[in-house]
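Below: one structure, written as structure tokens.
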Amino acid sequence: MSKNNDAILNDYSATVNTGAMSQLIAFVRTYSRKWWLVPFFLLIVILFVWPLIMMVAGGFKDTAPFLEGTWTLAAWSTVFENPGLIKAVWTSTKLAFITTLSALFIASIFAFITERTDLKIKKFILPTMALIFVIPILFYTIAFTQLANPYTGLINDFLAFSFGIEPRWLDAKGWLGIYSVIILKKVAFSYLFIVGAFKALDATQDEASYVAGAGQLKTFFYINLPSLLPALTSIALLGLISGLQVFEPILILGSADNIVVISTHLMNLVSGARGMPSYAEASILSTIFVAIVTLIYLLQIKALGRKKFYSISGKGARSRLIHLPSPIKWLVSSLLFAYLVLALILPLGALLFSSVQPYPGIYTGFSFDRYIALFDQPRILSAFKVTLTLGTVVGFAVMILALSVIVIGQKLKPKTWAAVKFSTLIPLAMPGIVSTVAVTWAYLSIPGFTQMYGTIWLVILALIVTSMPLASQLMNAIYGQLSPSLTEAARICGASGMQSFFEISLRLVLPSFVAGWFMTAIMVAGNLEVPLLLKAPGLSTLAMISYNIQSAGDYSMASALLILTLLFCLTLFALSKGLQYLLEQHKKSKTVQFFNQDFS
């Protein structure tokens with residue numbers, strides 16, 4: 001009997017060992033086929049996760065994380081005793097909520113006008129918003145200092161000379177200028193994100209509501225608004241985050257009134273503007289900021305994650321355009337014209353006028369001497385080359401990285417893909433100052449990377465990290481429009497995965513890829529935080545030189561440089577549009593050629 005039991009146990013043990021061995025072999029075979037994912041995950045960790053780890057670690061050392069020092073909790077007991085911290089957090093929170101809600105309200109009105117009314121001038125809204133969006137916020141900030149300052153502001157001079165209005169009360173340096181610049185810029189940003197949601201509203205749902213006896217106003221609040229909730233909450237979240245991260249308007253317009261927000265407070269801590277650098281306090285504040293932003297993001301997912309928002313309609317469905325009465329048309333047209341004047345005509349006109357003035361407040365002797373002087377300065381030509389190099393290289397690299405993340409992410413398991421996607425969005429939760437410092441600490445802690453400090457390569461890496469959230473969102477929206485059936489059909493016809501990607505997917509997304517490349521390049525060209533913190537001898541961008549010239553009081557020279565920068569951005573915009581047009585024409589010709597061969 002005991003021998004039989006021993007035999008049974010031996011057979012069971014052999015079976016278990018065989019099953020375990022087969023599972024181990026299957027596991028090794030499965031992941032050995034995906035060995036190429038190791039460099040991908042390693043790149044994601046180095047670019048996005050490692051800087052976050054170093055930022056958190058910085059709160060527990062008495063020096064910068066990449067330097068030798070003592071691990072301590074001392075900073076955690078003193079960081080909240082700083083009276084400027086509470087004031088900076090409150091100021092940032094107030095600024096973020098007011099500007100986001102105001103801009104979202106105005107942008108929603110413009111989006112509603114564009115997609116749901118019969119107003120004839122609505123066709124000019126989208127191009128205007130696109131133009132305002134691509135202009136760097138530094139442009140607006142400096143332009144408003146030319147328009148409204150108590151001494152030589154163009155509007156104040158006009159009111160004094162024409163109507164004798166004294167004192168010169170209009171001053172952009174302060175809360176008036178800060179709110180104006182941020183809201184005007186955010187309106188264009190919010191509009192471009194939500195106009196697609198207004199366009200996608202199902203017209204048949206409106207018709208059913210009208211048949212049931214509901215009016216247009218009731219239909220909008222009970223039918224349209226719930227459908228718009230995901231888009232509105234998403235843009236509100238992005239607006240709040242960007243409002244908490246605002247930097248340039250505060251640095252230029254708020255310094256006179258000692259206005260401090262989270263980003264400028266962090267810069268003071270890191271740079272030691274008010275004493276010795278406080279790296280630990282900066283790390284702790286940044287960690288708390290990231291945790292708060294992550295919590296807000298998770299709350300949004302919890303609020304909307306279990307709800308489904310579908311809009312099903314046939315191709316023939318068209319929205320019923322609302323006929324606006326004449327008084328409403330005049331009111332809406334006046335609102336649009338006022339926004340156009342404030343956001344585009346006045347800032348552009350102020351810079352153009354100031355650039356030909358000999359000195360601020362002098363209205364004789366206009367000339368183009370400032371433009372000529374710019375080209376005679378070697379540092380300006382060098383800054384153009386550096387800005388063009390950074391915009392081109394960083395824009396292309398970050399779009400390639402975003403496309404790679406989307407393509408590879410579709411082959412991963414849902415939880416793994418969610419982790420990768422969240423990692424690429426980490427810089428979105430960190431202000432530009434924080435991201436730059438975290439990237440610097442992260443790479444200087446890696447052996448062999450210390451030689452990058454003070455070179456353009458560290459600036460490129462920091463810009464790639466800070467630009468990745470925008471690029472990934474753009475590519476996710478673009479690539480998500482491609483139906484999987486396209487690649488499946490190519491596979492059925494015998495094409496490999498690589499061939500179907502290059503022959504089908506890449507060709508379809510290429511025009512949008514070029515547009516994203518341009519948008520990223522513009523954002524890089526207007527970035528002030530990264531080059532300001534990682535400045536190196538001989539490495540200056542147009543944004544950095546414009547800020548320095550403006551700070552030195554040479555408004556005319558700064559205006560001339562900003563005009564040239566704007567022309568530079570518009571030239572890139574024209575080139576991207578031209579390249580998009582050529583790609584679209586090439587795609588159409590290939591399609592026609594295919595059908596001609598198929599039916600001949």
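Since we're looking at a predicted model, the values are computed, not measured. Excluded from the calculations below are hydrogen atoms, water molecules and symmetry mates; all remaining heavy atoms, backbone and side chain alike, are included.
Rounded to the nearest 0.5 Å, atoms CD1 (I400) and CD1 (I464) are 11.5 Å apart. Separation of atoms CE (M54) and OG1 (T440) is listed at 11.0 Å; rounding is to 0.5 Å. Interatomic distance, L147 CG to D157 CG, rounded to the nearest 0.5 Å: 11.0 Å. Taken to the nearest 0.5 Å, the CD1 atom of I460 stands 11.5 Å off from the OG atom of S467. Here OG of S180 is found 7.5 Å from CG of L342. Values are rounded to the nearest 0.5 Å. Separating the CD1 atom in I259 from the CG atom in L95 is a distance of 9.0 Å, to the nearest 0.5 Å.
Side-chain contact between I252 and L138 is present, with heavy atoms from C-beta onward closer than 4.5 Å. Under the 4.5 Å side-chain criterion, counting only non-hydrogen atoms from C-beta, M544 is in contact with N548. I142 has its side chain out of reach of Y547: every pair of non-hydrogen atoms, C-beta onward, lies at least 4.5 Å apart. Here the side chains of L401 and M468 are in contact, with some heavy-atom distance below 4.5 Å. Proximity of S286 to L266: side-chain heavy atoms (C-beta onward) are separated by under 4.5 Å at one or more points. Residues L340 and I345 form a side-chain contact, since some pair of their non-hydrogen atoms from C-beta on lies under 4.5 Å apart. By the 4.5 Å heavy-atom criterion applied to side chains, Y140 and I182 are not counted as neighbours. Side chains of F189 and I137 form no contact here, defined as non-hydrogen atoms less than 4.5 Å apart.
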Q.
Determine whether L253 and T141 satisfy the following criterion, side chain to side chain contact (heavy atoms under 4.5 Å, CB included), listing intermediate values before the conclusion.
A. CA-CA 7 Å; L253 301 177; T141 306; 3.7 Å; yes

Q: Give the C-alpha distance, both sets of side-chain angles, the deciding distance and a yes or no for side chain to side chain contact (heavy atoms under 4.5 Å, CB included) between L47 and L461.
A: CA-CA 8 Å; L47 285 179; L461 282 175; 4.2 Å; yes

(Q) Please evaluate residues F139 and T565 with respect to the criterion side chain to side chain contact (heavy atoms under 4.5 Å, CB included), reporting the C-alpha separation (whole Å), side-chain torsions for both, the decisive distance (0.1 Å), and the verdict. (A) CA-CA 9 Å; F139 171 95; T565 305; over 6 Å; no

Q: Dump the intermediate steps for side-chain hydrogen bond (donor to acceptor under 3.5 Å, both in side chains) on T128 and Y339, then the final yes or no.
A: CA-CA 10 Å; T128 301; Y339 176 76; over 6 Å; no

Q) Is there a side chain to side chain contact (heavy atoms under 4.5 Å, CB included) between I98 and W175 once you walk through the steps? A) CA-CA 12 Å; I98 293 177; W175 284 116; over 6 Å; no

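Atom OH of Y363 has more than 12 neighbouring heavy atoms from other residues, nucleotides or ligands inside a 6.0 Å radius. Around atom CZ of F105, no more than 12 heavy atoms belonging to other residues, nucleotides or ligands sit under 6.0 Å away.
Using a distance-only test at 3.5 Å, with no hydrogens or angles considered, a donor-acceptor pair links the side chain of K185 to the main chain of F133. Within the 3.5 Å criterion, the main-chain N or O of L463 finds a donor-acceptor partner in the side chain of T466. With hydrogens and angles ignored, the 3.5 Å screen pairs no side-chain donor or acceptor of N527 with any backbone N or O of M523. Side-chain atoms of S92 never come within 3.5 Å of backbone atoms of V89 as a donor-acceptor pair (strictly under, hydrogens ignored). A donor-acceptor pair under 3.5 Å is formed between the side chain of N156 and the backbone N or O of N149. S556 places a side-chain N or O within donor-acceptor distance of the main-chain N or O of Q357, the cut-off being under 3.5 Å.
Of the N and O atoms on the side chains of K186 and T100, at least one donor lies less than 3.5 Å from an acceptor on the other residue. One side chain, S445 or W50, offers a donor N or O that lies under 3.5 Å from an acceptor on the other. There is no side-chain donor-acceptor pair under 3.5 Å between S102 and Y179.
Heavy-atom minimum distance, I106 versus I183: CD1-CG2, 4.5 Å. Here the closest heavy-atom approach between residue L374 and residue I380 is recorded as O-CB, 3.4 Å. Across all non-hydrogen atoms, the minimal contact from A558 to S546 is CB-O, 4.2 Å. Here the closest non-hydrogen pair linking M557 and Q377 is CE-NE2, 3.8 Å. I132 and A343 get closest at one heavy-atom pair: CD1-CB, 3.6 Å. Between V195 and A111, the closest heavy-atom pair is CA-CB, 4.1 Å.
Under the side-chain contact (heavy atoms from CB on, under 4.5 Å) rule, L542 has a single partner from L562, L561, L564, which is L561. Of the options L390, T436, V394, V439, a side-chain contact (heavy atoms from CB on, under 4.5 Å) to V459 is made by L390 and by none of the others.
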Could you go through residues 347-356 and list every donor-acceptor pair under 3.5 Å that involves a side-chain atom there, pairing it with any protein atom two or more places apart or in another chain?
from : atom 1 : to   : atom 2 : distance (Å)
S354 : OG     : A350 : O      : 2.9
S355 : OG     : L351 : O      : 3.3
S355 : OG     : L352 : O      : 2.7
S355 : OG     : Y371 : OH     : 2.7

